A.B. asks: 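Got a structure for you, written out below as structure tokens; questions coming shortly.
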Amino acid sequence: MKSDVVSPEGFRCDGRRPNELRRFNCDMGTASGGYAGSGADGAAYVEQGNTRCLVLVFGPKEPSMRSAVLHDRATLSVEFNIASFSSGERKTKLRKDKRLLEMASIIKSTFESVILMSSFPRSEITIQIQILQFDGGSLHTAVNATTLALMNAGIPMEDYVVACSAGFGNGHPILDVNYTEEGMDVPVISLGITPRSGKVILLNLESRLHLDEFEKVVTLARDGCTQMHEILDTAVRSSAEALAR
Amino acid sequence: MSGEQFLSTSERTFVVNALREGIRVDGRGAYEFRGLSIELGGGGFGSAEVLLGKTRVLANVSAEVVRPTANSAEGFVLFNTSFSPMASPAFEAGRLTEEEVLVSRMLEKAVRRSRAIDTEGLCIVAGEKVWSIRVDIHVLDHEGNILDCACIAAISALLHFRRPDVTVEGDQVTIHPMDERNPIPLSIHHIPICISFGFFDKGERVVVDPTHLEEQVQDGDFIVVVNTHRELCTMSKAGGAGLDVARIVQCTEVAAAKAAEVTELIRGALTKSNEIKK
């Protein structure tokens with residue numbers, strides 16, 4: 001039998017309330033000496049529930065390819081990877097998996113509009129994203145981790161990009177959807193906002209959601225983003241304090 | 001891209017300034033589609049040529065019997081896109097561009113993930129034989145908004161397609177030739193229609209169905225896939241100008257209305273092609 005996404009008592013399968021985020025944990029960067037070996041200029045490790053993501057930022061540096069040189073701004077390249085050990089079933093990665101390319105392209109165009117690209121003409125910024133453990137919401141976890149990693153690398157941005165997902169299951173909008181819930185065919189919106197202007201710069205929906213429900217779900221996702229902004233801001237400030245000490 | 005034509009600054013300001021006065025360069029209203037013509041059956045069952053303004057996309061559907069992945073009782077729907085250099089100097093033969101990846105992923109999400117096609121109905125013998133439906137999308141002419149045009153072409157071709165009838169007796173599977181038994185249409189649950197929006201002036205101004213010129217000038221896009229039951233199938237926005245939630249909700253409402261219009265046109269083209277067959 002198909003179980004309910006939200007139980008009659010108002011709990012979800014992992015014991016959360018519908019409008020509750022998952023546990024968030026993060027570690028910003030090379031400052032703590034964690035990923036110094038890779039030579040990255042910035043790094044962030046983020047856990048949202050059981051989804052774990054590591055992002056390394058390289059640059060601004062000289063472009064590796066001549067074709068990537070733009071005379072008036074930097075180029076951004078994003079690599080998105082899901083580790084083969086990240087989910088229950090071991091998957092060998094296809095080299096040209098369109099899903100991964102699409103994810104990379106979404107993240108690339110999102111951050112292109114937020115990073116002050118014109119401050120670094122003729123240079124390249126590379127973002128490497130690795131999903132280490134997959135429990136749903138890989139897009140929004142990756143976006144949050146990328147924001148932290150870029151800040152850690154000291155790359156100037158107009159604003160944070162904070163992202164959060166929301167879904168809709170048996171009559172309830174639910175926040176921060178996990179893998180089990182995604183598997184129950186819950187429509188999921190991934191939303192990314194720039195918190196200072198409050199505007200949406202990233203929006204992604206897969207599977208069907210009725211238009212009448214849409215506004216409720218999007219509003220919930222926005223509230224989630226606002227919560228996420230506070231969490232990220234605290235993390236950034238405490239890591240900067242540790243650095244200054 | 002090597003063959004990309006660069007726009008001059010004056011062309012850009014011309015487009016934006018015209019929009020500020022509420023005029024589009026080709027004289028359309030902000031929420032108006034270009035002329036849409038759908039031609040079905042030019043190449044037999046499951047072929048559709050769609051002309052959206054000057055953007056031309058050909059979709060062709062074919063089916064073959066394949067072995068499913070481990071004990072699955074579901075058939076496959078595959079999309080294959082080809083952006084030929086003939087359509088635009090920006091396309092190179094044999095190279096997978098980012099745009100192409102996004103178009104084919106969007107089609108997959110719009111049609112497959114939204115369960116528009118009953119994949120269980122494509123099963124012949126569970127775990128043994130299933131139909132694999134392949135949709136080939138050829139972009140023949142690029143004058144902006146390939147995605148909407150490709151989506152209309154794909155779904156019209158799928159609606160028009162007929163597969164050969166199959167009978168199973170024991171472990172004997174017979175595929176009847178089309179002249180022996182009437183071929184069977186696919187079972188399609190709903191018709192997803194893709195509507196693209198372009199934004200200008202930091203998200204202040206919005207247009208539907210941007211032309212190639214407008215696409216080059218725009219500050220960002222927003223893609224909504226919606227069907228006549230007012231269900232959102234896929235939405236996508238990445239980067240570009242930021243939008244308010246209210247603006248997004250407004251866009252989805254516009255998209256739902258547009259999708260209903262486009263669906264009518266597709267239905268009209270289908271009845272017309274059925275009448276010709278009789």
Side-chain angles (χ1 to χ4, degrees), chain A residues 67 76 78 95-115 139 143 158-159 161 163 168 185 187-223 225, chain B residues 1-2 79 81 96-110 112-116 189-190 192 199 202-203 219-257 259:
Chain A
S67 60
L76 187 66
V78 178
R95 207 167 60 83
K96 266 189 191 166
D97 191 340
K98 280 188 186 157
R99 262 188 49 216
L100 299 182
L101 290 178
E102 189 204 16
M103 281 286 209
S105 143
I106 290 174
I107 289 170
K108 180 182 169 210
S109 39
T110 305
F111 281 94
E112 254 174 358
S113 55
V114 181
I115 299 174
L139 179 60
V143 167
E158 276 174 28
D159 201 351
V161 183
F168 191 80
D185 223 14
V188 181
I189 291 181
S190 302
L191 189 79
I193 66 168
T194 48
R196 252 196 307 174
S197 64
K199 292 206 166 163
V200 175
I201 67 161
L202 170 69
L203 178 70
N204 206 50
L205 164 79
E206 293 187 18
S207 84
R208 271 182 288 162
L209 174 66
H210 200 272
L211 206 59
D212 300 346
E213 261 58 273
F214 173 66
E215 200 169 347
K216 275 186 265 172
V217 181
V218 136
T219 317
L220 183 70
R222 257 208 80 185
D223 292 347
C225 287
Chain B
M1 268 178 271
S2 58
F79 289 89
T81 49
L96 197 64
T97 60
E98 206 174 297
E99 197 179 1
E100 199 171 335
V101 171
L102 291 182
V103 168
S104 65
R105 271 294 293 163
M106 248 352 243
L107 286 175
E108 274 176 20
K109 285 197 281 187
R112 198 201 298 152
R113 287 270 338 221
S114 74
R115 309 247 165 115
H189 297 308
H190 62 97
F199 292 94
K202 300 200 164 56
D219 294 336
D221 61 349
F222 178 41
I223 301 157
V224 183
V225 181
V226 62
N227 61 22
T228 40
H229 312 300
R230 288 167 55 82
E231 282 170 324
L232 296 163
C233 304
T234 304
M235 273 191 296
S236 159
K237 169 176 177 56
L243 301 177
D244 294 323
V245 171
R247 177 42 72 79
I248 289 174
V249 174
Q250 181 202 345
C251 282
T252 53
E253 288 291 344
V254 171

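Sequence lines set the chain letters: A, B, ... in the order given, protein chains first and strands last, and positions in each chain run from 1. Small disclaimer: the values here were computed from a predicted structure and weren't measured.
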A.B. asks: Leu209(A), Leu202(A), Val218(A): which one forms the most heavy-atom pairs within less than 4.5 Å of chain B?
C.D. replies: Leu209(A)

A.B. asks: Does CZ belonging to Arg247(B) count more than 12 external heavy atoms closer than 6.0 Å?
C.D. replies: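 Correct, the count exceeds 12.
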
A.B. asks: In a check of side-chain contact (heavy atoms from CB on, under 4.5 Å) between Lys199(A) and each of Asp244(B), Leu243(B), Ile248(B), which one passes?
C.D. replies: Asp244(B)

A.B. asks: With a 4.5 Å cut-off on heavy-atom pairs, point out which of Arg230(B), Lys109(B), Met106(B) contacts chain A the most.
C.D. replies: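 Most pairs with chain A among the choices: Arg230(B).
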
A.B. asks: So, for Glu102(A) and Val101(B), which heavy atoms are closest and what is the spacing to 0.1 Å?
C.D. replies: N-CG1, 4.3 Å

A.B. asks: State, to 0.1 Å, how close Leu211(A) and Ala256(B) come at their nearest heavy-atom pair, and which atoms those are.
C.D. replies: CD2-CB, 3.8 Å

A.B. asks: Which region of Asp219(B), side chain (C-beta onward) or backbone (N, CA, C, O), has a non-hydrogen atom less than 4.5 Å from a non-hydrogen atom of chain A, or is it both or neither?
C.D. replies: neither

A.B. asks: Considering only heavy atoms, which portion of Glu112(A) lies under 4.5 Å from any heavy atom of chain B: side chain, backbone, both, or neither?
C.D. replies: neither

A.B. asks: Of all the heavy-atom pairs spanning Ala238(B) and Ile106(A), show the shortest one and how long it is.
C.D. replies: CB-O, 3.7 Å

A.B. asks: Hey, what do you get for NZ (Lys98(A)) to CD (Glu100(B)), rounding to the nearest 0.5 Å?
C.D. replies: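 Rounded to the nearest 0.5 Å, the NZ-CD separation comes out at 7.0 Å.
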
A.B. asks: Let me know if Ser207(A) has heavy atoms under 4.5 Å from chain B in its side chain, its backbone, both or neither.
C.D. replies: both

A.B. asks: Could you pull out the closest heavy-atom pair between Ser113(A) and Gly239(B), with the gap in Å?
C.D. replies: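 Where Ser113(A) meets Gly239(B) most closely, the heavy atoms are OG-CA, 3.5 Å.
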
A.B. asks: Is it the backbone or the side chain of Leu102(B) that comes under 4.5 Å from a heavy atom of chain A, or both, or neither?
C.D. replies: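 Contact with chain A is through the side chain of Leu102(B) alone.
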
A.B. asks: If you round to the nearest 0.5 Å, how far is CD of Glu206(A) from SG of Cys233(B)?
C.D. replies: 12.0 Å

A.B. asks: So, the side chain of His210(A) versus the backbone of His229(B): is there a donor-acceptor pair under 3.5 Å, distance only?
C.D. replies: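 Present.
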
A.B. asks: Can you tell me how far the OG atom of Ser105(A) sits from the CZ atom of Arg105(B), to the nearest 0.5 Å?
C.D. replies: 11.0 Å

A.B. asks: Using non-hydrogen atoms only, which part of Ala255(B) is less than 4.5 Å away from chain A: side chain, backbone, both, or neither?
C.D. replies: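 Ala255(B) has no heavy atom closer than 4.5 Å to chain A.
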
